[in-house]
Each structure stands twice: as C-alpha cells, then as structure tokens.
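In what follows, every chain begins at residue 1, and chains take the letters A, B, ... in the order their sequences are listed.
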Number of protein chains: 2
Amino acid sequence: MADIARVTGVSPMTVSRAFKTDSLISKETRDAILMAAEDLGYVFDSTASNLRSQRSDFVAVTIPSINNANFADTVGGLSETLATRKMQILLGYTNYDMQEEERLIEQLLRRKPQAIVVTGGKHTPRARKLLANAHIPVIETWDVPPDPIGHFVGFSNAGAVCGMVDHFVDVGYQRLAFIGGDVGRDTRGSDRRNGFVAAMNRHGLDPSRLIAAGPPPISMREGANAMARLLETLPDTEAVICVSDLSAFGALTECQRRGIPVPDGIAIAGFGNYEIGAISVPTITTINAFSRDIGEKAARLILDLLDGQALADNITIQPELILRDSSR
Amino acid sequence: MADIARVTGVSPMTVSRAFKTDSLISKETRDAILMAAEDLGYVFDSTASNLRSQRSDFVAVTIPSINNANFADTVGGLSETLATRKMQILLGYTNYDMQEEERLIEQLLRRKPQAIVVTGGKHTPRARKLLANAHIPVIETWDVPPDPIGHFVGFSNAGAVCGMVDHFVDVGYQRLAFIGGDVGRDTRGSDRRNGFVAAMNRHGLDPSRLIAAGPPPISMREGANAMARLLETLPDTEAVICVSDLSAFGALTECQRRGIPVPDGIAIAGFGNYEIGAISVPTITTINAFSRDIGEKAARLILDLLDGQALADNITIQPELILRDSSR
DNA sequence: TTGAAAGCGCTAACAG
DNA sequence: CTGTTAGCGCTTTCAA
C-alpha cells in the first residue's frame, strides 16, 4: 500500500480506503489507486487486515468427511450464502472421530473465525469448552443436541427413522432389520439405529435385527456385504432400513446379484435422499433431510447473529419421508 | 501471551517459544506456561503469527465442485499429506467456471498461501498472471497443460479416452457414441470428448455420435436423459462412452428401464472409477485416474519444493483402463 | 535458556 | 474527502 500511495501521490490510508466498497473517497482517486495497484501487481494482504481490524472473514466449518454428498450439500449452502457477505469458509474433516474433531476445532479457532459450524451434537468435553470460550456464534448441525453449546440447525435422526418404521408397520411389514455402522463412532448413525430400536419396541416388534457393517461411514460395498449377512442369517426379513442411501443401494445390488426381487422379496429403504436413490432401478425409499437447507439456514442464522438481529436461536428441520419403488 | 507471561513471571518472548516444538526452552518453564495457557483459556492467534513471520501455513486449493467424489479424493490426499507438516488447506469451488476461478484465485492469494493447487490447465489470462506473480509453487492438476504455469500433477484426459476407444475397436465395436457435457465449460470433459473424436477418426470410424447432456457436471439423471436421446436418435449404437461413471450409471439405468440388456444390447463405459461402477449390476467399465494419488503427489511435490529438494517439476499419471461387465 | 526492542501490513480513531 | 498516529499479537533479531 505504501508503494501505491507513493506512485499515486496519496497517503496509505487513502489507498486502504480505495479497497473498501463503502468508504467515502472520490471516484478519480479510487480509480487511479486501483489502476496503480493492478500495474504493480499488488495483492491485498488479508492477514494484516484481519489482525488490525480484529475481525476475520472466516467461518470455520467441520464435517465428518468431504466425500459425502449430504455434507457437501450443506457446505455448498453455507458457502454460497456466506459468499454474499464476502465471508470465506475454513473447512476441516473430522473423519467421524471426536478426538480429531477436538484437534480440528482448536486449530480452526486459532484463525479467529467469526463463527463456527460443527456437525452433530456430541463432542469431547474439551471441544465443548473451546467452543463455549470462543465467544463467537457456535452452530451445531445435522442433529438436535440435548444440550446445545450455542445454536443448532438440525433434525432428530432418531425421530426421522421412527417415522419410517411407523410407515413400514402401517403398510404391513413386521420383520424389519436395520443396517448401520458399528455403534459408538458416528453418532448420527447411532441415533438412527436407536430410533429404529425405539420404534420397533413401541410397536411390540422384535428390534434385534441389527447388522453392523463396520466403522462409519458405510460404503455401498459394505451395505452389500451387510445385506448378504442379513439374507443368510435372517432370511425371513421383510424390510431393511439402511443408515444411508449409499448402503441401501449396495444392499439393493446384493439382492440383484442373488435374484431376489425388491421390494417383493425384501423391501429396502435408505436415508439422505442422495441422487442415486432417485434414479436406481428400482428407485429407493428414503428420508430427505434437506442437507442444503441446513447449510443455507445455518449461514443465514450466522449472518443474523453477527448483525444482532437473529429471530430464533435454533432451527429444527422436519425431514420428509420419500416413498419410492423399493418398498411397498 | 502477555497475560500468560505476567502470570508465569516470564517474558512474552518465552511464552512464544513455549508454543514452538523445536525451540530451546527448559521443560519446567514450558510446562508452567502451557498450564497457565490452558487455565486462562488462551487461544493462539495464527493471524498475528502469520503476519509477523511472513509465512502462513495455508495451501490454497481450487476444485470445480465440492460434491464430486474424484475431486474430494484429491483434496483428501492433499489434506492428509499436508497435515503431516501442520499445513492447512484453504479450499474454494469454481463451479466449473473460469471467471469464478479467477475471482477465487485472487481471494485465496490474499491469504498469502505457501502454495496453490488448481484443477485443470486452462485459466483466464488474468488468473494466469496472478498465479505467476504470486511467487509460490503453483500446481495444476487433473490435466497435462500445454503451457504449465509452474508445475503439474495430472494425466491426458484425451489420451485416456483414446485408449478406451482403441480397446473398444479392438474387441469389435464400430458404432461408438460419446455422452458428455456441453462443450466449452468443463475443459476436462471437453478434452475427453476430443480424445474420443480423435481416436474415432484415427480408426476411420464415424466420430459424430456425440450427445451433449447440458452444462457440466453431468448428473446421473442427465446421463439417463442423454441415453434416452441416444437410443431414440441412433438406435444402432453398439457402445457408448460417458464422461463420468455417474452419467454412465444414469445411462445404464435408462437401459434397464427400457429392458435393453447391457452389454449385449449396448455397451457402456464411464470415467473416474467411482465406487458406483464397481458395485452396480452390471459393473461399469471405466478409467481409473488415481484421484487420491494426484492429491498425495501434489502435496509431496509442494513439500519438496518448499524444502528446495524437488526431484521433478511435473508428475504425469498413467490412467488405467478397468474392464468390467458393462462392456465386452 | 531468557529478555528487549522493533516491526510485519494494515486500519481504528481522530483531526482536518 | 484525505491525512496522521498508533497499534493489532505475534516473532525476528540481537544481546545477555
């Protein structure tokens, strides 16, 4: 900026002003400065700007995995909405691990983000403390935390699966199974499994047909392997709910390889409304959790909180059951 | 740090040293400082650190879309390899748009990253200038640029598809088609299409069976729609190569809906070795471009360049043809 | 092994 | 509309 100021014959402060859209500065001065900047190959230094003004334009976001269309949609919604205010996302992956999440949160907070968005409502005690002490908006997503740290934008994973079980029982299925990950790591998957068990108990049905397909996330292949185990150990199962559409599709392919018709031989459902479930043959019954909406609403909430005009602290999403050809 | 220094009875400089792993400081002093820091809820300020030391721990990365398993794998490889040196990724999405890429590159460079990784070898002139002037390692990926800005880690998209056409012609297919996006936006997709046309011409076959399925990226649904058009307008097509496994799977489902057997009625191939092609029924012939390797190798190249000990400027990947059940 | 002084590049605050 | 001064929180540099 000093160089530009020298070339243009103004003070560094005026150069600084020329790069802000709002500040009052004459058009000619600004044009001359911007031209000189381009000439000199000047690149604005956000680091110095952030340090001096004590406000970054970062929003920190942690997701379990970058390679998941649902979380990608949430990040997309966040990113696009925050871009309207020139805020940038600082993204980290926890790999479905709370310890890793803690490390990541600590690292991200060092950048002094304006807000932080985390996935899920369960964290290590230290992570909770770090978030609470950061004195910035904290948004938990993809869950309805029993004890929110700050704010949340999410839905009940257990409740959503309960609704699906209710529907399946309604249309006459009795021997239902659930394919998910190993318990204890992916808390959203565990919550879905818990919702399955609770709903089965409520209906007086056997809740023990649970297949654990390995550590989350469960791939298509693991869904297929789980379906193979299910068909071999509990061949009278009438319908199976999978923790995601990806594992549900894997399960479907296993049936196709074995010549078992879906849904007449066995019904299959997934979770997450991934594109594959809408186009596979047969299409797959699923639950739409409005991934992109979660991101957009979280971003809007952040902007409102920063403006001091948030209407609500929390946003609860109503997931939608989508009935397709893989079930009756 | 001043607060911690006061509490601990040392100078701020000593506190600073306590947070570096290497620096020489007595064990007792460091322990006391770290304990005081935890007590006070101190969070290290990377912004100030970066400004003073004039080096960030950022590597900037631009990808066309976050919601793409191939690019996600590349970012995963980058991220994990760079994490070994405590470097963090600053990620941006271009949405397959060179103008947007230019804006993004400008924004990312303001953070003074240590290196920048971009997808593809085509950029606006201004973006090229910005990258060249940044005086940091620039890595182009997923392509073999005719005129590299700095370094590249990639493969020839055209060459990979050429190899696939050669194989198809070898095994007896003659009337081949290509399903891709509209020309002009996604340059990797266009390159694949060009590779198809070149190879067909080389074999003296008709290269005009080209279906444009809309602006990239092409979804499963768009692949299905394109296949419907292909079957209606050019029903004697023997095999179709799709720009990605996702569109290939969509095309496959369209055949299934119409009762057309694959590969006996028509053969289908994709690109990218997505999980879906390995598990669908039938499995889908594809090209493995080693997405994750691209990221890992780019990261390793960056680390070597920063250490001043890079063995090679560029890394050319050899894509691998994977023959599966969707083709003869 | 520790400390003192200076300053990274920008902008808040105030003055004109 | 423009300029001056000071300082954000750290680390480089030099000294002890």
Checklist outcome for this item: Output for pair (Leu109(A) CG, Ile116(A) CD1), nearest 0.5 Å, gives 5.0 Å

Checklist entry - Quick one: do the Ser11(A) and Thr14(A) side chains pair a donor with an acceptor below 3.5 Å? => result yes

Item to check | Value in whole Å for how far the P atom of dG9(D) lies from CG of Leu109(A) | outcome: 16 Å

Checklist entry - Under 3.5 Å, is there a donor-acceptor pair between the side chain of Ser65(A) and the main chain of Tyr93(A)? => result no

Checklist entry - Is the CZ atom of Arg55(A) crowded by more than 12 outside heavy atoms at less than 6.0 Å? => result no

Item to check | Phosphate OP1/OP2 of dC8(D) contacted by Lys112(A) side-chain N/O (<4.0 Å) | outcome: no

Next on the checklist: Can you list everything that forms a ring-ring contact (aromatic ring centres under 6.0 Å, His included) with Phe155(A)? Sequence neighbours excluded, please.
Outcome noted: Trp142(A)

Next on the checklist: Both Thr14(B) and Pro12(A) contact DNA chain C. Taking the nearest nucleotide for each, which residue is further toward the 5' end?
Outcome noted: Thr14(B)

Checklist entry - Side chain of Thr74(A), backbone of Gly295(A): donor and acceptor closer than 3.5 Å? => result no

Checklist entry - Once you round it to whole Å, what is the distance between C1' of dG7(D) and CE of Met1(B)? => result 17 Å

Next on the checklist: Judged by each residue's nearest nucleotide on DNA chain C, which is more toward the 5′ side, Val15(A) or Gly9(B)?
Outcome noted: Gly9(B)

Checklist entry - Arg111(A) has an atom CZ; how far is it from atom C1' of dC10(D), in whole Å? => result 14 Å

Next on the checklist: With a sphere of 6.0 Å drawn around CE of Met98(A), does it hold more than 12 non-hydrogen atoms of other residues, nucleotides or ligands?
Outcome noted: yes

Next on the checklist: Less than 3.5 Å apart, any donor N or O on the side chain of Ser190(B) or Thr187(B) sitting next to an acceptor on the other?
Outcome noted: no

Next on the checklist: Can you give me the first and the last nucleotide of DNA chain C (5' to 3') that has an atom within less than 4.0 angstrom of a non-hydrogen atom in chain B?
Outcome noted: dT1(C) to dG9(C)

Next on the checklist: Just the rounded figure in Å: distance from C1' of dC14(D) to CE of Met13(B).
Outcome noted: 12 Å

Next on the checklist: Counting neighbours of CE on Met13(B) that are heavy atoms of other residues, nucleotides or ligands and sit closer than 6.0 Å, is the number greater than 12?
Outcome noted: yes

Checklist entry - Taking atom C1' of dT2(D) as reference, at what distance in whole Å does atom CD of Glu28(A) sit? => result 14 Å

Checklist entry - Which of residues 38-60 of chain A have a heavy atom under 4.0 Å from DNA chain D? => result Leu51(A), Arg52(A), Gln54(A)

